[in-house]
Protein chains: 2
Amino acid sequence: MGIVRRTKSLDLLMSQFADSHDAISAVALIESLKKDVNKTTVYRLLDRLEDDGVLHSFMSSDGIKWYAKCKGCSSSGHADVHPHFQCTDCGKVDCLDLEVTIPSIPGRKINSSQILIQGTCDNCLN
Amino acid sequence: MGIVRRTKSLDLLMSQFADSHDAISAVALIESLKKDVNKTTVYRLLDRLEDDGVLHSFMSSDGIKWYAKCKGCSSSGHADVHPHFQCTDCGKVDCLDLEVTIPSIPGRKINSSQILIQGTCDNCLN
DNA sequence: GCTATATTTGCAACACAGTTGCAATAAGAG
DNA sequence: CTCTTATTGCAACTGTGTTGCAAATATAGC
Ligand SMILES: [Mn+2]
Ligand SMILES: [Mn+2]
Ligand SMILES: [Zn+2]
Ligand SMILES: [Zn+2]
């Protein structure tokens, strides 16, 4: 169930991701679009965009969902796997272009892994 | 705000963690204790036990909170940092005794990291 | 451009994990 | 045993996300 029609809501939502590669929380998206787009629509668009490989999502440790643009993913799968970094000072969350190797675990089959790193971003360090 | 008094609720809760080192979700704890302990009490005990370094917690990707026993932690800090593994077949979640190295990131200070690995557990593989 | 149709949307109501205020209960120090 | 204070249960609440359904609208075909 991906995106079929190019709607105003879709353009408004995607424009939120236009300027940067930072992640944006569903809650923040709903807040900044609330004049124009119903929250149900925001959630539904996010779901479909994730299905399409346009956005990917992850949970922060406080249980809220974040979205960011994919690079090189498609509806057949998310190939763009990477850790995420949350600044505990300013709250900004972004995707890290970083390879973290998960050692294989005897007797278990690993399908995916999510890494959330917390700390202070370069903006907040200075 | 840690645990001060040895209560019946506390014993009942801790007995859930007695037999294994698997993680247990807050939701599952509330369910299995519901005859004897109010859910508010369960949440409050879990908070305090985490403060005391007796339990540690983490979120699974569906946004629910899990708890497991600590090894060598105290109220002054959680030292026992490790990845968690969730079996997508049977739902079991456990702590991995495994060191994963997070490379340092230029311009950022890392304080903590959470790693959640998903796959199939040894029980479900056979 | 118009029409038909399937997709998308908004709304209200809901689900569900977790929290809060407060009065009642009970641990345990003395 | 008594008193103080931590703990508990309850009911009501918060916040994120979901669902059913009727109304709106994108767009393919003409
Ligand atoms: Mn990302
Ligand atoms: Mn653990
Ligand atoms: Zn920052
Ligand atoms: Zn399993």
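So you know, we letter chains A, B, ... as the sequences are listed, proteins then strands, and number each from 1. Note: hydrogens, waters and symmetry copies are ignored here, and every other heavy atom, side chains too, is used.
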From D/dT16, D/dG9, C/dT8, pick the nucleotide closest to the side chain of A/R48?
-> C/dT8
Base, sugar-phosphate, or nothing for B/T40, non-hydrogen atoms under 4.0 angstrom?
-> base
Kindly point out which of D/dT27, D/dT8, D/dT16 is positioned nearest to the side chain of B/T7?
-> D/dT8
Would you please classify the geometry between the A/F58 ring and the A/W66 ring as parallel, tilted or perpendicular, with 30° and 60° separating the classes?
-> parallel
Looking for any heavy atom pair under 4.0 Å, which part of the strands does A/D62 touch: base, sugar-phosphate only, or nothing?
-> nothing
For B/L10 and C/dA27, give me the distance from atom CG to atom P, rounded to whole Å.
-> 12 Å
Select one nucleotide: of C/dT8, D/dA11, D/dG20, the one nearest the side-chain heavy atoms of A/R44.
-> D/dG20
Protein-nucleotide distance (A/L33, atom CG; C/dT8, atom P), rounded to Å | 18 Å
Side chain of B/E50, backbone of B/S57: donor and acceptor closer than 3.5 Å?
-> yes
If each of B/V4 and B/K39 is mapped to the nucleotide of DNA chain C with the nearest heavy atom, which maps nearer the 5' terminus, i.e. the 5' end?
-> B/K39
Would you mind reading off the distance between A/D11 atom CG and C/dT8 atom P, rounded to a whole angstrom?
-> 13 Å
For C/dT9, does either OP1 or OP2 sit under 4.0 Å from a side-chain N or O belonging to A/N38?
-> no
Reckon B/Y43 has a side-chain N or O less than 4.0 Å from the OP1 or OP2 of C/dG18?
-> yes
In terms of side-chain heavy atoms of B/R5, which of D/dT5, C/dG18, C/dT8 is nearest?
-> D/dT5
Counting any heavy atom closer than 4.0 Å, what does B/L45 reach on the DNA or RNA strands: base, sugar-phosphate only, or nothing?
-> sugar-phosphate
Could you state the NZ-P distance from A/K65 to C/dA17, rounded to the nearest angstrom?
-> 16 Å
Has the side chain of B/N38 got a donor or acceptor atom that lies under 3.5 Å from a matching backbone atom of B/T40?
-> yes
A/D80 and A/K69 ion-paired at < 4.0 Å | no
Please figure out whether B/I30 or B/R6 has its closest DNA chain C nucleotide nearer the 5' end.
-> B/I30
Do A/D122 and A/K92 meet the salt-bridge criterion of a basic N to acidic O distance under 4.0 Å?
-> no
